[in-house]
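Quick caveat: nothing in here was measured; it's all calculated off a predicted structure. We name chains A, B, ... by the order of the sequence lines, and we start the count at 1 in each one.
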2 protein chains.
Amino acid sequence: MAKNKRTIDREIKRDEIDAAASRLFIQHGYEATSMSMIAAAIDVAPNTLYWYYKSKDEMLVGALNRLVAQGMAELHGRAHAPFADQLSWAIQQFAQASDLVSTVHARAARSEVVREWHEAFHRALENMLVGKLQARGLTSAQARLMATVGTFVVEGLLSHPHTPAQRSDVIAWMTGMKV
Amino acid sequence: MAKNKRTIDREIKRDEIDAAASRLFIQHGYEATSMSMIAAAIDVAPNTLYWYYKSKDEMLVGALNRLVAQGMAELHGRAHAPFADQLSWAIQQFAQASDLVSTVHARAARSEVVREWHEAFHRALENMLVGKLQARGLTSAQARLMATVGTFVVEGLLSHPHTPAQRSDVIAWMTGMKV
DNA sequence: ACCTGAACACCGTTCAAGT
DNA sequence: ACCTGAACACCGTTCAAGT
């Protein structure tokens, strides 16, 4: 698994692309961010991007992986914080990238790479949540159910307008719910 | 509010467009359906569509309204069926148009007409569900909460891969849940 | 009022050519 | 191996012209 200079250079460049892409995707949305804009941000010709990624969808996956890695690193820094705080911080992170959540759902129907990323992401997220919920005393079956439902409800809140009262009602019910 | 011939003709043509658009949107997805494809389906030049709709997003709204009207008419024909049957039929209808659900969430962020349609649709859906849930004995507050959460969970199931076991766990829990 | 041919300003992507 | 200029096949949309 030794990496030669060439492989390392390639990964550095890829990360440079991912950094620009994720920033622009969050700022303007996936669709409104053209390949030309990303290329301009890192000072290369648009078609140069195709040396590193086969398509815009693959670049989306690269950007998403970078955002998730970043988020996981920050979450790790809060490992000692109360679970409720970790949760509300994570939700806030999702809210900042809510356009990308919609984009992934829409692109997953058309692009296999995005679909696979989406599935893997939810598997990982659910496993993490199940672990934390079991640590708080839920059985395995309860924890799995709550992880699934909780994820859906959070995604629902993100993509639908709602009053603060509605939001707190839903969260109060979800965190205090009987299973 | 009298309608002259001109207005009627215009509405007939619009409905012809909506019929073709909704069919193609469901068959191929919104993005993969070009204005040219819709135009070809009703045998006009692509730019003719702009005489009836200002943009592709406005045409999406026209198609959605047609689909909803159709669905409501069919639901009305099942007014005497058990609530559970009505619900599972409605969910199946959504599942057939799951690509459009993702599309609406994604386009709502960019297009004002789509955003407004989405908000109005959820207001109407929630009001209908609240009515049916109150008729089944829930208080107003309980009914509102369940309508919101239920909608989010259904949309979550639509846009995420899941096992049949997961699906029935979620539904069993939701229909039997304490509030 | 309704419809069209032609054009516009893009878009993601490909390819042959340079280094 | 990496990068580019030029081109390709689209896309949604506009506009002047026809009836």
Side-chain angles (χ1 to χ4, degrees), chain A residues 2-18 20-22 24-25 27-63 103-104 106-114, chain B residues 2-18 20-22 24-25 27-63 103-104 106-114:
Chain A
K3 293 181 184 179
N4 58 24
K5 172 109 168 29
R6 202 170 293 152
T7 308
I8 292 170
D9 281 355
R10 193 176 172 80
E11 280 176 15
I12 288 173
K13 196 79 180 185
R14 259 190 203 250
D15 190 61
E16 201 182 336
I17 293 172
D18 293 344
S22 58
L24 290 168
F25 285 159
Q27 196 177 356
H28 302 109
Y30 177 71
E31 219 182 326
T33 303
S34 67
M35 297 300 268
S36 303
M37 285 167 68
I38 299 164
I42 61 167
D43 232 58
V44 294
N47 50 359
T48 297
L49 298 173
Y50 289 87
W51 182 259
Y52 296 95
Y53 284 112
K54 276 204 272 235
S55 67
K56 197 184 178 186
D57 282 312
E58 295 216 346
M59 245 183 51
L60 172 61
V61 168
T103 296
V104 166
R107 293 304 309 160
R110 316 232 129 256
S111 157
E112 177 134 27
V113 269
V114 176
Chain B
K3 293 181 183 177
N4 56 25
K5 172 113 173 23
R6 203 170 290 151
T7 307
I8 291 170
D9 281 356
R10 193 177 170 80
E11 280 176 16
I12 289 173
K13 196 78 179 186
R14 259 190 204 249
D15 190 60
E16 202 182 336
I17 294 173
D18 293 344
S22 59
L24 290 169
F25 286 159
Q27 195 175 358
H28 304 109
Y30 177 71
E31 219 182 329
T33 303
S34 66
M35 297 300 267
S36 304
M37 286 167 68
I38 298 164
I42 61 167
D43 232 57
V44 294
N47 50 359
T48 296
L49 298 173
Y50 289 86
W51 181 259
Y52 297 95
Y53 284 113
K54 277 203 272 230
S55 67
K56 197 184 178 186
D57 282 312
E58 296 216 346
M59 245 183 51
L60 172 61
V61 168
T103 295
V104 166
R107 293 304 309 160
R110 316 234 126 254
S111 157
E112 178 134 28
V113 269
V114 176

Heavy-atom distance under 4.5 Å between the side chains of [X] and [Y], does that happen here?
| X | Y | answer |
| --- | --- | --- |
| A/Lys13 | A/Trp51 | no |
| B/Ile42 | B/Leu49 | yes |
| B/Tyr52 | B/Glu58 | no |
| A/Tyr30 | A/Asp57 | yes |
| B/Glu31 | A/Arg107 | yes |

Given atom [atom1] of [X] and atom [atom2] of [N], what is their separation to the nearest angstrom?
| X | N | atom1 | atom2 | value |
| --- | --- | --- | --- | --- |
| A/Arg14 | D/dC3 | CZ | P | 13 Å |
| A/Glu16 | D/dC3 | CD | P | 9 Å |
| A/Tyr50 | C/dT13 | OH | P | 3 Å |
| B/Asp43 | C/dT4 | CG | P | 9 Å |
| B/Tyr30 | D/dC11 | OH | C1' | 12 Å |
| A/Asp9 | D/dC2 | CG | P | 7 Å |
| B/Tyr53 | D/dT14 | OH | C1' | 20 Å |
| B/Leu49 | D/dC11 | CG | P | 13 Å |

Considering only side-chain heavy atoms of [X], which listed nucleotide, [options], is closest?
| X | options | result |
| --- | --- | --- |
| A/Thr48 | D/dT4, C/dT13, C/dC11 | D/dT4 |
| A/Lys13 | D/dG12, D/dT4, D/dC3 | D/dC3 |
| A/Arg10 | D/dC2, C/dT13, D/dG12 | D/dC2 |

Is the distance from OP1 or OP2 of [N] to the nearest side-chain N or O of [X] less than 4.0 Å?
| X | N | result |
| --- | --- | --- |
| B/Tyr52 | C/dC3 | yes |
| B/Trp51 | C/dC3 | no |
| B/Lys56 | D/dC11 | no |
| A/Lys54 | C/dT13 | no |

Who is the Watson-Crick or G-U wobble partner of D/dT19, with both distances under 3.5 Å?
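Its partner is C/dA1.
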
Watson-Crick or G-U wobble mate for C/dA6, both contacts under 3.5 Å
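For C/dA6, the partner nucleotide comes out as D/dT14, under the 3.5 Å rule.
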
Reckon A/Ser34 touches a base, only the sugar-phosphate, or nothing at all at heavy-atom distances under 4.0 Å?
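Touches sugar-phosphate only.
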
